[in-house]
Number of protein chains: 2
Amino acid sequence: MAPLPTAYDVATRAGVSQSAVSRAFTPGASIAPATRQRIEKAAAELGYRPNNIARSLITRQSRIIGVVAGYLENQFYPQLVQALSHAFQMEGYRLLLFTNPPGGGDPVVEDMLNYRVDAVILASVMLSSHFAEECRAAGIPVLLLNRKTDSPTVSSVTGDNDGGARAIANYLLAMGHRRFGYVAGLESSSTSRDREAAYRAVLEPQGMEVVRAVGHYDFAGAKMATRALLASGQAPDAIFYANDHMAMAGLEVARFEFGLAPGRDLSIVGFDNVAAAAWSSFDLTTYSQPIDRMVPVVVRATLEQMASPQAEPVRAVVEGGLIVRSSSRGPSLRG
Amino acid sequence: MAPLPTAYDVATRAGVSQSAVSRAFTPGASIAPATRQRIEKAAAELGYRPNNIARSLITRQSRIIGVVAGYLENQFYPQLVQALSHAFQMEGYRLLLFTNPPGGGDPVVEDMLNYRVDAVILASVMLSSHFAEECRAAGIPVLLLNRKTDSPTVSSVTGDNDGGARAIANYLLAMGHRRFGYVAGLESSSTSRDREAAYRAVLEPQGMEVVRAVGHYDFAGAKMATRALLASGQAPDAIFYANDHMAMAGLEVARFEFGLAPGRDLSIVGFDNVAAAAWSSFDLTTYSQPIDRMVPVVVRATLEQMASPQAEPVRAVVEGGLIVRSSSRGPSLRG
DNA sequence: CTGAAAGCGCTAACAG
DNA sequence: CTGTTAGCGCTTTCAG
């Protein structure tokens with residue numbers, strides 16, 4: 001295996017110094033057009049490409065962002081990762097992807113600190129306080145996506161859990177529902193807790209009770225939760241799920257196992273507005289988390305934190321909107 | 001910002017040489033247990049972590065694998081990426097993720113060569129021959145997932161497109177169908193072409209005609225393709241889609257726009273067996289591409305190619321199986 | 001088993 | 001604008 005050509009090889013061939021080669025490949029550097037041409041020619045002939053590893057070692061910037069994502073079977077996250085990937089590529093950053101290991105440990109996640117990633121983005125995964133501390137010590141900004149934390153050094157970008165859940169509750173009330181259900185994601189999830197709290201904050205003062213079950217952010221789990229809710233003596237006729245992924249599972253259980261017609265016999269509402277929510281099979285009422293609006297916020301916050309690590313952490317909430325579809329009782333069916 | 005501690009700092013504090021520190025963090029290295037302990041203690045106190053960038057520079061191994069994936073809205077790919085991520089993490093590799101840019105250019109993809117990735121995995125994206133050549137020159141193994149190529153230096157792992165499409169064709173024939181449709185992914189996709197060819201290879205010798213349309217591997221595109229097929233004078237009563245993602249779109253069009261009952265009025269068949277294919281709303285007949293069996297093959301092939309770059313490229317075909325569900329006419333409904 | 005020395009390929013002052 | 005000079009933080013001979 002012939003070793004890859006280095007800047008030194010290019011320099012020799014072009015009859016310039018090695019630093020000239022470096023300059024030729026550095027966007028802002030001052031170099032004569034003629035010199036650059038000679039270098040580019042030599043580089044092309046040799047098949048030279050700058051070694052980003054060596055560059056990172058000295059600039060102390062990897063231009064790599066570590067992303068940890070879980071729940072990739074929930075369409076929301078792949079969409080998010082894809083959008084992040086594009087957006088960061090535009091800014092000259094690449095993503096080092098870690099998926100939430102089934103074992104759940106973060107030893108493997110810590111590994112990304114060894115790569116000196118410039119920032120860490122955690123998409124809906126637990127942040128161990130230990131890991132947060134390590135990142136702070138290493139001066140690496142941490143950004144939580146779709147989850148919050150108590151840690152004061154960590155930024156977060158979330159959808160409007162509070163406003164969204166309230167909008168849903170008010171809408172369901174207005175449609176005449178009186179028996180409400182909630183299917184939580186995980187008890188440990190701030191997102192699920194926030195949505196439930198806001199939902200209850202609207203309903204309970206009106207004297208409404210909310211029955212609940214836990215779906216573990218999982219399709220099968222949400223089906224079981226739905227069965228538990230619908231089989232009970234006082235089954236709810238309006239169920240709000242902590243996300244669309246679970247709501248689709250619930251809709252299937254209601255329709256195919258209980259023979260109920262969503263939108264007539266009961267209302268089913270999700271959260272996220274994933275692509276599949278708009279498919280005819282579901283036509284799911286939901287509150288959107290607009291990825292195209294969230295991603296620029298994430299990118300800006302990340303760049304900002306990288307530029308000045310001691311800046312105040314960002315706590316952004318991106319508003320969505322209630323999207324009424326036929327899985328819920330519509331105005332025309334009121335009463 | 002205090003700079004991160006280096007191996008040298010740890011050495012000073014532990015009263016050893018810097019190389020001793022290196023050895024303490026190198027699995028196989030020969031070092032006295034007592035020395036290692038002292039070093040580990042000093043490292044912990046300082047919050048030291050080895051710099052993988054510096055290590056990579058000298059070992060000439062990044063232990064990073066570049067992955068390019070597209071079509072993340074098709075559930076198959078996130079599932080695949082997730083499985084790859086886990087499997088490679090077990091082997092001590094991380095994934096640098098590139099998503100297929102909307103613009104489609106590979107300049108950004110070439111960027112990953114600058115990171116000296118140890119291998120490149122292309123999941124259902126076009127391989128430009130230029131890029132393949134660059135990788136070969138750089139000695140970086142390239143592995144195509146779910147796509148083939150003519151390039152003799154490139155390995156590939158695919159599902160059993162030929163066997164699967166034949167199984168589907170034979171099954172549909174046996175169920176008494178006589179008017180067949182095919183919805184292609186992209187004309188340029190080897191996978192779509194292979195599936196179509198095998199499907200026709202079974203049907204045409206039996207005197208069957210196959211009408212076709214192109215769905216561009218896209219949900220909306222597949223809906224349009226389906227409309228075109230079903231609205232034509234001699235509409236097919238059995239349609240095979242190049243993948244499940246498009247088949248689900250087709251099923252929705254048939255059911256909600258044409259009022260047809262899949263499994264009775266027509267048969268709809270996909271390919272992949274994604275999780276959603278098993279959902280009650282679709283209950284889609286399909287031929288599986290078993291991710292849990294494909295991934296180990298991919299990992300093994302990648303490790304092999306990295307170990308000996310001049311080894312023969314791997315061309316693996318992973319068998320799946322026909323999964324009959326209610327979206328197609330079953331034996332009991334024959335005739 | 002341990003330390004000294006020599007770089008990996010590149011960027012970043014600093015002169016010229 | 002260009003070349004020279006130092007390293008970035010680590011692994012790896014090579015002696016001892």
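The basis for the numbers below is simple: all heavy atoms, side chains too, and nothing from hydrogens, waters or symmetry mates. Chain A is the first sequence line, chain B the second, and so forth, proteins listed ahead of strands; every chain is numbered from 1. What you are looking at is a predicted structure, and each value in this text was computed from that prediction instead of being measured.
Here the side chain of B:Thr302 pairs a donor or acceptor atom with the backbone of B:Val298 at under 3.5 angstrom. No donor-acceptor pair closer than 3.5 Å links the side chain of B:Arg23 to the backbone N or O of B:Ile31. A donor-acceptor pair is defined here as one N or O able to donate and one able to accept, closer than 3.5 Å; such a pair exists between the side chain of A:Asp118 and the backbone of A:Arg63.
Looking only at side-chain heavy atoms (C-beta outward), A:Leu113 and A:Phe131 come within less than 4.5 Å of each other.
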Criterion salt bridge (Lys or Arg N to Asp or Glu O under 4.0 Å) on A:Arg300 and A:Glu304, from CA distance to verdict: CA-CA 6 Å; A:Arg300 206 174 313 125; A:Glu304 215 172 287; over 6 Å; no
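Counting heavy atoms of neighbouring residues, nucleotides and ligands inside a 6.0 Å radius, atom CD of B:Glu312 does not exceed 12 of them.
Between the side chains of A:Tyr217 and A:Ser189, a donor-acceptor pair is found at a separation under 3.5 Å. Side chains of A:Ser85 and A:Gln89: a donor on one and an acceptor on the other come within 3.5 Å. No side-chain donor-acceptor contact under 3.5 Å links A:Thr149 and A:Ser151.
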Where protein sits on nucleotides 8-16 of chain C, one letter per nucleotide: B base, S sugar-phosphate only, - none, heavy atoms under 4.0 Å: BBBBBB---
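In this structure, A:Tyr71 and A:Tyr77 have tilted ring planes: the angle between them lies in the 30° to 60° band.
Rotation axes derived from the C1' atoms of the five outermost pairs at either end of the helix from C:dC1-D:dG16 to C:dG16-D:dC1 lie 30° apart, to the nearest 10°.
Among the atoms of the strands shown, none is found under 4.0 Å from any heavy atom of B:Ser56.
A 4.0 Å heavy-atom criterion places the boundary nucleotides of DNA chain D facing chain A at D:dC1 to D:dG9, written 5' to 3'.
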